[in-house]
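Following: one structure in structure tokens, then a few remarks.
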Amino acid sequence: MCPLSEAGEGFLMPEKVILTAQDIRRALVRIAHEVVERNHGCQGLVLIGMLTRGVPLAQRIAGTIAGFEGQEVPVGTLDIGLYRDDVPLYRLPPIRHTSIPQDITGQRVVLVDDVLYTGRSIRAAMDALMDFGRPEVVQLAVLVDRGHRELPIRADYVGKNMPTSRDEDVAVRL
């Protein structure tokens, strides 16, 4: 995972590795334990990964939970493209596959994404989720929280808090 800073004239400053593969693994294991603890087990729990990098993170968290709880947690994928507020209506984004593994009404849903920034993607994801049912609760797990919120949204589970400037980017490479 690397923040990139623009140095002017179209050049980028060198990348800096913030989390190694081992750091990411540890963060996801910690998140998995926190999810199970907060939800008193994994009964009624559904993980929904936001396309694209939230999906493999949700799958890794579910695999970790299965490893220590001995119970599979359903994992779905969610495309938020049509729910974004920054895409003009005349230029619709490509539609990708959304797959919700079961009815989420009355379930505890954990949305999983790679980087939390302004909160707009999470707002779009919550709007999209409501088209699939009414969960008992929606929680948010992110690998990196970089700040700069534009909406009153916070993550329930965070792998790493990483303050950044608005000029920097955070790229997650799995």
Side-chain angles (χ1 to χ4, degrees), residues 1 19 21-87 92-146 149 151-160 170-174:
M1 185 168 20
L19 294 172
Q22 186 72 352
D23 294 332
I24 291 171
R25 186 194 64 75
R26 282 189 198 109
L28 294 178
V29 167
R30 182 173 34 80
I31 288 171
H33 282 279
E34 289 174 2
V35 167
V36 170
E37 182 178 342
R38 181 171 182 175
N39 290 285
H40 307 289
C42 49
Q43 195 67 23
L45 193 62
V46 179
L47 299 178
I48 306 289
M50 293 170 55
L51 288 170
T52 57
R53 287 171 301 278
V55 174
L57 294 173
Q59 291 166 339
R60 289 182 188 188
I61 292 168
T64 300
I65 291 172
F68 66 79
E69 284 291 302
Q71 186 176 355
E72 297 291 323
V73 175
V75 178
T77 63
L78 185 64
D79 177 18
I80 63 166
L82 293 177
Y83 296 87
R84 294 189 61 90
D85 63 2
D86 59 352
V87 177
L92 292 176
I95 307 227
R96 297 175 291 178
H97 185 69
T98 290
S99 172
I100 307 296
Q102 65 187 52
D103 183 10
I104 61 170
T105 299
Q107 302 295 302
R108 290 185 313 276
V109 173
V110 179
L111 275 174
V112 182
D113 201 8
D114 58 346
V115 178
L116 177 57
Y117 182 36
T118 64
R120 293 187 177 277
S121 294
I122 304 307
R123 188 224 32 98
M126 289 189 296
D127 286 349
L129 268 182
M130 295 308 144
D131 283 348
F132 292 95
R134 188 179 187 281
E136 175 186 324
V137 66
V138 177
Q139 299 168 358
L140 176 61
V142 297
L143 183 59
V144 175
D145 183 345
R146 61 174 288 196
R149 225 65 86 236
L151 299 173
I153 291 174
R154 68 164 179 77
D156 299 282
Y157 314 101
V158 178
K160 181 167 182 72
V170 176
V172 174
R173 297 187 185 128
L174 299 171

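For the atom pair Thr118 OG1 and Arg146 CZ, the distance stands at 9.5 Å (nearest 0.5 Å). Rounding to the nearest 0.5 angstrom, the gap separating the CG atom in Leu19 from the CG atom in Leu143 is 6.0 Å. Put simply, CD1 on Ile48 and CZ on Phe132 are 8.5 Å apart, with the number rounded to the nearest 0.5 Å. The CG atom of Leu51 lies 10.0 Å from the OG atom of Ser99; values are rounded to the nearest 0.5 Å. One distance of note links CZ of Arg96 with CD1 of Ile80; it measures 8.0 Å at 0.5 Å rounding. For the atom pair CZ (Arg60) and CG (Leu47), the distance works out to 14.0 Å, reported to the nearest 0.5 Å.
Leu28 places none of its side-chain heavy atoms less than 4.5 Å from the side chain of Thr64. The closest side-chain heavy-atom distance from Asp85 to Arg120 is below 4.5 Å. Using a 4.5 Å heavy-atom threshold, the side chains of Leu140 and Val110 count as separate. Using a 4.5 Å cut-off on side-chain heavy atoms (C-beta onward), Val46 and Arg108 make no contact. Contact check for Arg134 versus Ile104: no side-chain heavy atoms found under the 4.5 Å cut-off. Within the 4.5 Å cutoff, the side chain of Asp114 has no heavy atoms near those of the Met50 side chain. In this structure, the side chains of Glu136 and Gln107 stay at 4.5 Å or more apart for every pair of heavy atoms. Contact of the Phe68 side chain with the His33 side chain is registered, since non-hydrogen atoms from C-beta on lie closer than 4.5 Å.
Looking at every heavy atom in both residues, Val142 comes nearest to Ala155 through CG2-CB, 3.7 Å. Taking each heavy atom of Ala62 and Val75 in turn, the nearest pair found is CB-CG2, 3.3 Å. Annotation for Arg123 and Tyr83: closest pair NH2-O, 3.0 Å, computed over non-hydrogen atoms. Here the shortest heavy-atom pairing between Ala27 and Gly159 reads CB-CA, 3.9 Å. In this structure, Ala125 and Leu78 approach most closely via the heavy-atom pair O-CD2, 3.6 Å. Here the closest non-hydrogen pair linking Gly76 and Pro101 is CA-CD, 3.6 Å.
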Quiz item: Run the side chain to side chain contact (heavy atoms under 4.5 Å, CB included) check on Gln139 and Val137 step by step: do they pass?
Solution: CA-CA 6 Å; Gln139 299 168 358; Val137 66; 4.1 Å; yes
Quiz prompt | Criterion side chain to side chain contact (heavy atoms under 4.5 Å, CB included) on Ile65 and Gln71, from CA distance to verdict | solution = CA-CA 7 Å; Ile65 291 172; Gln71 186 176 355; over 6 Å; no
Practice problem: Let me see the working for Arg149 and Tyr117 under side chain to side chain contact (heavy atoms under 4.5 Å, CB included), right down to the final yes or no. | Solution: CA-CA 6 Å; Arg149 225 65 86 236; Tyr117 182 36; 5.7 Å; no
Practice problem: Report the C-alpha separation of His97 and Asp79 in whole Å, then their side-chain angles, then the decisive distance to 0.1 Å, and conclude whether the side chain to side chain contact (heavy atoms under 4.5 Å, CB included) test is met. | Solution: CA-CA 6 Å; His97 185 69; Asp79 177 18; over 6 Å; no
Practice problem: Give the intermediate values and the outcome of salt bridge (Lys or Arg N to Asp or Glu O under 4.0 Å) for residues Arg53 and Asp113. | Solution: CA-CA 7 Å; Arg53 287 171 301 278; Asp113 201 8; over 6 Å; no
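Between Asp145 and Lys160 there is no salt bridge, since no side-chain nitrogen of the basic residue lies less than 4.0 Å from a carboxylate oxygen of the acidic one. With respect to Arg30 and Glu34, a salt bridge is recorded, a charged nitrogen being found less than 4.0 Å from a carboxylate O.
With a 6.0 Å radius and a threshold of 12 heavy atoms from other residues, nucleotides or ligands, Gln43 has its CD atom at or below the threshold. Applying the 6.0 Å contact sphere to CD of Glu37 captures no more than 12 heavy atoms from other residues, nucleotides or ligands. Around CD of Glu72, the count of heavy atoms belonging to other residues, nucleotides or ligands within 6.0 Å does not exceed 12.
In terms of modelled atom types and a separation under 3.5 Å, the side chain of Asn39 and the main chain of Gly41 share no donor-acceptor contact.
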